Amino acid sequence: MSALDSPWIEVCPIDSIPLRGCRVVRTRHMQIALFRTASDEVFALDNRCPHKNGPLSEGIVHDRKVTCPLHNWVISLESGEATGADKGSTRSFPVRLDKGRVYLEASVATAP
Amino acid sequence: MCSFVCWVYAKMASHAKQRLVVVGNGMAPGRALERLFETAPDAYDVTIFNAEPRVNYDRIMLSPVLSGDKSFEEIVIHGDAWYVKHGVALYKGAKVTKIDRAARTVTAEFVPSRSGQPSLQPPVTVVYDKLIVATGSNPIIIPVPGHDLPGVLSYRDLDDVEAMLLAARSRGNAVVIGGGLLGLEAAAGLQAQGMDVTVVHLMPTLMERQLDPAAGHLLQRAIEARGIKVMTRANTKSIAGKGRVEGVELDNGTRLPADLVVMAVGIRPNMQLAKEAGITVNRGIVVDATMRTSDPDIFALGECAEADGQVFGLVAPLYEMANTAAAQLVGDAAASFKSSATATKLKVTGINLYSAGDFAEAKDREEIVLRDATRGVYRRLVLKDNRIIGAVMYGDTSDGPWFFDLLKRGVDVADMRETLIFGQNYAGGIPLDPAAAIAALPDDAEICGCNGVCKGRITGAIAGLGLKSLDEVRAHTKASASCGSCTGLVEQLLKAQLGDAYNPAAVQPMCGCTDLGHDDVRRLIVAKELRTIPQLMQELEWKTSCGCAKCRPALNYYMICSWPGEYVDDSQSRFINERVHANIQKDGTYSVVPRMWGGQTSAKELRAIADIVDKYKIPTVKVTGGQRIDMLGVAKEDLPGVWADLSAAGMVSGHAYAKGLRTVKTCVGTDWCRFGTQDSTGLGVRLEKFMWGSWTPAKVKLAVSGCPRNCAEATCKDIGVICIESGYDIHFAGAAGLEIKGTELLGHVATEKETIEVIGALTQLYREQGRYLERIHKWAKRVGFDTIRQQIMEDGERRRILYDRFVFSQQFAQNDPWAERANGKDAHEFTPVADLTLREAAE
Ligand code: SRM
Ligand SMILES: Cc1cc2nc3c(=O)[nH]c(=O)nc-3n(C[C@H](O)[C@H](O)[C@H](O)COP(=O)(O)OP(=O)(O)OC[C@H]3O[C@@H](n4cnc5c(N)ncnc54)[C@H](O)[C@@H]3O)c2cc1C
Ligand code: SF4
Ligand code: FES
């Protein structure tokens, strides 16, 4: 199933996420971190740093990246991959933006 | 049937991949696995057993950890994530006790903790298709009476270093037995930790295996010049002590007092396990050129292995073994190990020493010696048939790698004999500048001995990957990433290749987003009246769209300091702790530390804390090193509630998370103490009430002691006051964290009022000049202690102006952030934006 024809679920208005900031979405099995960049893009990652599970939602957001608060790994918001010389990746999820509202794929609510 | 066997069957049935099991997680197998995963990431399922309870680290760098120059984290080679990423099962603290070659299994037992608690975990047995034995070496312990007393240590792993650091706290006497590489590094480290150290060495000169007697004497002089005592020709007879080591007795009757004895007299390959399994051993575990032992499915590598009739104790040849084994494991039958000469450097700051090859005297050998007593330089080359076979250098070792390269390649040096000893710059009679000398090295010349990185690989990476800095070269090639002694050479290579584009001495840019340094940015903020971060990034041509995690917090602070009352704090540019006003913990919970003014509390406050701990089920309550109470493990959602309850009891944030005023420690002073000269507690409380809430470049800690006995430890704080009969001695620029430094005296004043004015002015000067994250002691060292004294103590006008500016900015700073948040500020921080956990039920 491609991202477009899957059922989407509305999560929140984009304005409830701070600019260059993040809010958390709770799902059954994990926390998803919803990031909003300076240019109003939204990205979703599993809220666990590939290094030692640091909460990425608490990091500083810059460009399309976030710096983990625990040991400063820099994670790409687009791919979930660590950047620079560090290696590792965290799951990323498709996000849709429509009329100022943020949508995630419905399946994430129960995804393991 | 027992469960493990079922598991084995299950695993065998589902197994396509070969199982590789590794015994020992040291530097050699670590390198072998790196190579293996580079070439064939999916060829093996890997399991590693490590008797040490930790990941793989750079053993070579234990000495900098001992001396306090590095932390353990900085010397980790493979962090936990690496094992996860490569699907490696790492058993920490698990010692393999048996290899069953018939069943192809190894069995490991979990080692007791250091405190002697036996492990509750049952032994583990796993099956292998291929096995690597890399058990390293055991330190030799001379069996003199008393060798097993507590306080007698060897020097091999992190546990030894931790035990030494603990013992060093006594600042007592240490005796190091053995004046070789390890012994001297241990001695220098213990001395740096404040111990009184004596090195006891059996031979007439130090490091006699790597140095000739002349260099050994120079070394001894340098070691003694640092205050370490050296006794050569000294044989240890016994170690004395009742229940714990107290002294060392030598053959000649000398008795040396000792609170710690370190034995560093040599190592012995650790081959017991292999021997018990019936594998051929000699001095070490015997391997052929493919690194296979007498059992073709079992490899051995590292210090435990004997290849080519030799055992090794330096990493360069061990890494060669690792490369060979990795290649063999993926079927490269041609890969074979050849031992080559090794070079040694002593890693003691300030002592330059280099030796390579063989320099014993013999009939068929000639030598060339250079001595320059005024420069403290000594060089000796040993030649045989016009080829260098040995080199010793003391003082100026810059040509070491060049000589070593000539040695390894067996170059005929007849043509350059006249000038050879002066080094590469003069060889051939044409003086070269250092960059040109490096440029003249062949591509296969080894630059980094630890990691076996040759010049071509570094220059290739600089050109191919566009590397610009030392750190990048380290990250991509590993050159200079282990012991660091080739850093100078790597920098020369960067310089040779990048020309003026590489200038390490230039102003250090704030971060990758700009070429400007901190001081320039601060000056421009004021000069160009830059009042917001976006405006600054536009005007100063930031290279990124919105900065990074390094520059944004710094800029936010510079703005706050430059435009008090006007600048609106950018919470998204704050590190999480300052954004939510609590300290994040490793599991994502937070700690909460309320202020206890001057370290005083009351029944009411304690009762409120007790109730909060019960109400929010806070797991840990701890008295901090800063005279107050820390509640640890609070869930983020609970923070506003905890704060509301603290507020109700009159308590405010202790800013334990802030680059700002932390604690003001006090002693009981004239209130109670029979020696107190002034009201130290009262002064401490007044200072804390005056200064709380201020933001500073890095944290600021104060203390006030009531007399020179100094029970509040004021002389290791950023700012400290010692009360005396005639008034107040004000100290500054102390440190007791990553660095330990006693304070310097700023000046003496007669009254409390003047004390507060001086401290306010000093803090403001620091706020305006300090670079972000630079503590007061570093700032003071950079700008000069006397400059600061002059501005604060002598120039009354300047002091007044600074003080007024501090008072002005404080009126905007003293709002309790906890009360604000308990009342709803930044509420979005503390709740999820959506909760989809109930979604399933709805569908
Ligand atoms: C709680 C406490 C340890 C304790 O249980 O006693 C503590 C805990 C932490 N210290 Fe500390 N330090 C504590 C007293 C100290 C002291 C002793 C003192 O203040 O008298 C020192 C040495 C004195 C000094 O600062 O020079 C100290 C030197 C450090 C350092 C090294 C700073 C340096 O510049 O050398 C760090 C690392 C840093 O700041 O980058 C650090 C960092 C930390 C952090 C914030 C680590 C972190 O980034 O997460 C720890 C936070 C744990 C938490 O959430 O509470 N802590 N720390 C102490 C809190 C005091 C307080 O009431 O506020
Ligand atoms: C303080 C110090 C400074 C040094 N400085 C230098 C230097 O400047 N230059 C240089 O080239 N070399 C230096 N060395 C030597 C270098 O560190 C070693 O040569 C190298 O680490 C050896 O690697 P290895 O993999 O063979 O063994 P090790 O790194 O010793 O690893 C062996 C590991 O196997 C574990 N083990 C042993 N038996 C078992 C078992 N039965 N089951 C499970 N695990 C087991 C051990 O606990 C250990 O962790 C230094 C060494 C020390 C101690
Ligand atoms: S509290 Fe301080 S000393 Fe203790 S682990 Fe944390 S940073 Fe290190
Ligand atoms: S957990 Fe993210 S950097 Fe360590």
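Here the structure is a predicted model, which is why all the values come from computation and not from measurement. Below, chains carry the letters A, B, ... as their sequence lines are ordered, and counting in each starts from 1.
Only the backbone of B/Arg574 comes within contact range of chain A, judged by heavy atoms closer than 4.5 Å. When heavy atoms are compared at a cutoff of 4.5 Å, B/Pro534 does not approach chain A at all. At a 4.5 Å heavy-atom cutoff, the contact between B/Lys636 and chain A is made by side-chain atoms alone. Using a 4.5 Å cut-off between heavy atoms, B/Thr831 touches chain A through backbone and side chain atoms alike. Heavy atoms of A/Val102 lying under 4.5 Å from chain B are absent altogether. For a residue to count as touching a neighbouring chain, one of its non-hydrogen atoms must lie under 4.5 Å from one of that chain's; by this rule A/Leu19 touches chain B with the backbone only. Contact of B/Asp471 with chain A is not made at all, since no heavy-atom distance falls under 4.5 Å.
Of the listed residues B/Lys85, B/His476, B/His828, the one with more heavy-atom pairs under 4.5 angstrom with chain A than any other is B/His828. Between chain B and the residues A/Pro69, A/Gly88, A/Pro55, the largest count of heavy-atom pairs under 4.5 Å involves A/Pro69. Here A/Pro18 is the residue among A/Pro50, A/Cys12, A/Gly54, A/Pro18 with the most heavy-atom pairs under 4.5 Å with chain B. For chain A, the option among B/Cys548, B/Gly588, B/Ala475 with the highest count of heavy-atom pairs below 4.5 Å is B/Cys548.
Side chain of A/Arg23 to backbone of B/Ala834: no donor-acceptor contact under 3.5 angstrom is found. A donor-acceptor pair under 3.5 Å is formed between the side chain of B/Gln572 and the backbone N or O of A/Arg20.
Annotation: B/Gln535, atom CD; neighbour count of heavy atoms from other residues, nucleotides and ligands within 6.0 Å is above 12. The 12-atom threshold is exceeded at NZ of B/Lys92, counting heavy atoms of other residues, nucleotides or ligands nearer than 6.0 Å. By the neighbour-count criterion of 12 heavy atoms within 6.0 Å, atom CD of B/Glu637 is densely surrounded, having more than that number from other residues, nucleotides or ligands.
Counting heavy atoms from C-beta outward, B/Ile584 and A/Leu70 have side chains that approach closer than 4.5 Å. Side-chain atoms of A/Ile60 and B/Ser573, non-hydrogen and from C-beta on, never get closer than 4.5 Å to each other. B/Arg552 is listed as a side-chain neighbour of A/His62, based on a closest heavy-atom distance under 4.5 Å. Counting heavy atoms from C-beta on, the side chains of A/Val24 and B/Val833 never come closer than 4.5 Å. Side-chain contact check for A/Arg28 versus B/Leu836: every heavy-atom pair is 4.5 Å or farther apart. A/Glu58 has its side chain out of reach of B/Phe575: every pair of non-hydrogen atoms, C-beta onward, lies at least 4.5 Å apart.
For residues 67-91 of chain A, the set of pairs meeting the salt bridge (Lys or Arg N to Asp or Glu O under 4.0 Å) definition, not counting sequence neighbours, comprises A/Arg64-A/Glu78.
To the nearest 0.5 Å, the span separating OG on A/Ser57 from CD1 on B/Ile576 amounts to 7.0 Å. Note: A/Gln31 CD to B/Asp835 CG = 10.0 Å, rounded to the nearest 0.5 Å.
Using modelled atom types, one finds no donor on one side chain facing an acceptor on the other under 3.5 Å when comparing A/Asp63 with B/Thr544.
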Donor-acceptor pairs under 3.5 Å, side chain of residues 33-40 of chain B to any protein atom, not counting sequence neighbours: which ones?
residue, atom, partner, partner atom, Å
B/Glu34, OE2, B/His78, NE2, 2.6
B/Arg35, NE, B/Asn323, OD1, 3.1
B/Arg35, NH1, B/Glu38, OE1, 3.3
B/Arg35, NH1, B/Glu38, OE2, 3.2
B/Thr39, OG1, B/Arg35, O, 2.9
B/Thr39, OG1, B/Leu36, O, 3.3

